[in-house]
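Accompanying notes for the structure given below.
The sequence lines fix the lettering, A, B, ..., with proteins before strands; numbering per chain opens at 1. Everything quoted here is computed from the prediction, not taken from an experiment.
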Amino acid sequence: MRNYIIKRILISILILFSVTFIIYAILRCLPASYVETMAMQLSTAPGAKPYDEWIAQLNASYGLDKGIIAGYFVWLGDFAAGKFGDSWKFTVPVIEKFHDVIWLSFVMGAIAFILQLIIAIPLGIIAATKQYSKADYAITAGALIGISLPPFFFATLLKLVFAVKLQWFDVSGLVGRNFAQLNSWEQFMDKAHHLVLPIAALVITSIGALMRYTRTNMLEVLNADYIRTARAKGLSENKVIYKHAFRNTLIPLVTIIGGSLPGLFTGAQITETLFSIPGIGWTAYQAMIIGDIPFTMFYMTLIAVLTLASNLLTDILYAVVDPRVRIA
Amino acid sequence: MAKNKPEGYLTAKESRKISKENRRITNQFEKARKRKNVPESEYLTTMHDENNAVEFDNLHTYFFTDAGTVKSVDGVTFEVPIGKTVGVVGESGCGKSVTSLSLMQLIQRPQGQIVEGEIRLNLGDGKAYNITKTPNEKMMNLRGNYVSMIFQEPMTSLNPVFRIGEQLDEVISLHNGEGKSKEDIKKNTIQLLEMVGIANSEGVYRMYPHELSGGMRQRVMIAMALACSPKIIVADEPTTALDVTIQAQILDLLRTLKEKINSSIMLITHDLGVIAEMADYVVVMYAGRVVEKGTVHDIFSNPSHPYTIGLMASKPVVGKDVDRLYSIPGKVPNPINMPNYCYYKDRCEMCVSGCEGAYPEEISLSETHKVSCYRFYDGKGEK
């Protein structure tokens, strides 16, 4: 097992190398160039240098005068040395900005993720054990609605109903108008209150896929020979389903759950942007549209690292739930 | 439109009608089945003969599918005497397994339902349950305890994520576990594993199913079935998936263990050699019905139904030199639309004029030997 993990980590480093290079190359080719915009602004000031001079000066100071490959290796050298640089848009070190916004996204993502698990898995099991019953049809229809609704549309719908019509929540933002006057407990509750709609939007649009997945797997497992054996032993139906069948259903579910772990650290870009929640997704979006290469590189590399790590974790978890894939 | 409809073709309208009708029928059965606190008097019955462990009486198990009703078991009557082995033979799809699953109440519901007939299970002391009416809670006590089953697929019949020991402990603690500590149960399990001829029982106790060979897994399945010394063991083709040398070992094992705990075996197989080796009585099934039954001597020395004769002719015999083994011509009729004459008529090479009539009644050739065939009617069925 140890050799296997070491091998996987070495391969992951190789993949990471290519992934970051591709991202860097794409970022350099993007039409949204931070330097050009800035040169344009500076050259319009009265008595300023012409645009060409500005751009040459800025390119040199931001390190964009080198070609893509040379620039990549400069970035790589800095990155490997732990120097992530300063964000161009936010004019603070990348790490500092990241640290400021990540926890909000993480909390939001974690709550949504846990809610998703505790709603979708039991629903999937119920739908499978009562296949073709009214409950099954109702759950499946609900799940399909959830899958089919795009998050931006559904979030807007939620805003319309609960914020505009019913006025239970604010339309957007993380804090209310009188946030500064509240004590710390009330401030906490205010934030929580503002997170209800975004989390609801996240949960409802992502529940469907997991529920359908659970249902399909459960149905497959319930038709297996060993479930008949379990029944033939005289076990109660609950034991058959929640002990014998569920353990086997977990095996493929681990892949899906493991695959969605990086999502906790990368934020929900669309939902955060729609609700103006200053989390990592929203911040990264701001950085990206303006061509902030250091921040975007950091964010994208982090996603790549987390994805690779969660793939490895999934494989290890697989061995935990399924004894057949354990490597001696 | 489609004038040359293939066999079994259904229009959307017909299909909807069938589904609706099926749902109506199965809902009725399910409703009766789901009642809580069913009084014992409803399923308490008496054995017709106290020496029988199980009596199947006119059992009808139907599957209500979207293509129509499949009469998998259509009026099966036979009995399993205490301490004897009854072999059930017939080709694939003739209802052998469904008969045994009916006894365990493991039919795939709601599509599969026992629509008529009784299965009387002897619980001793003059008490007997009619399995077809027994509620699920009671059935759970009987399964694995009074009746247990060995399945035909040892490779897939054990749960891949639990250790062998855990799966065996589970049965023991469920039915026999009162007042026993974990260590006692484990000791019991290891004894069972040794009993079925597993040498490294301590090691196997800690292994997962995928670490064992097919023969070993089947031994574990047998150990599981015997864990609570059941009165009846249903062995559904226990040797089909195994190679010949292991087959012989498994059959020997089954026989010695049966004698040890004095239970009855219902042995389902399509291997006549296995029947000759193991069984005391033989039931020959064809298309959901019993066509011939008798002692093993009756069936092998005097096979009477043309189907039994065909089966006998199609097995290889040592010392007899043939170019090509005999095979019964034709195929089993479509289970959805069974003809209302003898099901075997279309394949039969010994038809008599009476065969045109309704399905033949059972007729006794001797006290133990019974057959459903017009050839044995007085006047050859011309009533």
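Between A:L158 and A:L197, the shortest heavy-atom contact is CD1-O, 3.8 Å. What you find for B:L168 and B:A223 is that their closest heavy atoms are CD2-C, 3.9 Å.
Atom CD of A:E220 is surrounded by 12 or fewer heavy atoms from other residues, nucleotides or ligands within 6.0 Å. Around atom NZ of B:K96, more than 12 heavy atoms belonging to other residues, nucleotides or ligands sit under 6.0 Å away.
For A:I251, the part lying near chain B is the side chain, with the backbone staying farther off; criterion is any non-hydrogen pair under 4.5 Å. Only the side chain of B:M221 comes within contact range of chain A, with heavy atoms under 4.5 Å apart. For A:V221, no part lies near chain B; criterion is any non-hydrogen pair under 4.5 Å. Heavy atoms closer than 4.5 Å to chain A are found nowhere in B:N145, neither backbone nor side chain. Interface remark: B:Q108 contributes side-chain atoms only to the contact with chain A (heavy atom separation under 4.5 Å). Only the side chain of B:L101 comes within contact range of chain A, judged by heavy atoms closer than 4.5 Å. Looking at B:T156, both its backbone and its side chain come within 4.5 Å of chain A, counting heavy atoms on both sides. Contact annotation for B:E30: neither backbone nor side-chain heavy atoms come within less than 4.5 Å of a heavy atom of chain A. If you measure heavy-atom distances from B:M155 to chain A, you find no contacts under 4.5 Å at all. Looking at B:L158, only its backbone comes within 4.5 Å of chain A, counting heavy atoms on both sides.
A cation-pi geometry, defined here as NZ or CZ lying under 6.0 Å from the six-membered ring centre and within 45° of its normal, does not hold between B:R163 and B:Y205.
Contacts with chain A were tallied for B:V147, B:L174, B:I150; B:L174 has the most, counting heavy-atom pairs under 4.5 Å. Note: A:K243 leads A:E237, A:K243, A:K239 in heavy-atom pairs under 4.5 Å with chain B. Chain A forms more heavy-atom pairs under 4.5 Å with one residue of B:P209, B:S157, B:G144 than with any other, namely B:S157. Top candidate by heavy-atom pairs under 4.5 Å with chain A, chosen from B:M149, B:R143, B:Q167, is B:R143. Ranking A:A224, A:S236, A:G234, A:A230 against chain B, the residue ahead of the rest is A:G234, based on heavy-atom pairs under 4.5 Å.
Here the side chain of B:D184 pairs no donor or acceptor atom with the backbone of B:K180 at under 3.5 angstrom. When atom types are taken as modelled, the side chain of B:N159 and the backbone of B:F162 share no donor-acceptor pair closer than 3.5 angstrom.
No hydrogens or angles considered: a donor-acceptor pair under 3.5 Å links the side chains of B:E170 and A:H244. Side chains of A:T314 and A:T255: no donor on one and acceptor on the other come within 3.5 Å.
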Go through the steps for B:R33 and B:Q105 under the test side-chain hydrogen bond (donor to acceptor under 3.5 Å, both in side chains), then give the verdict.
CA-CA 12 Å; B:R33 185 130 272 294; B:Q105 242 192 46; 3.3 Å; yes
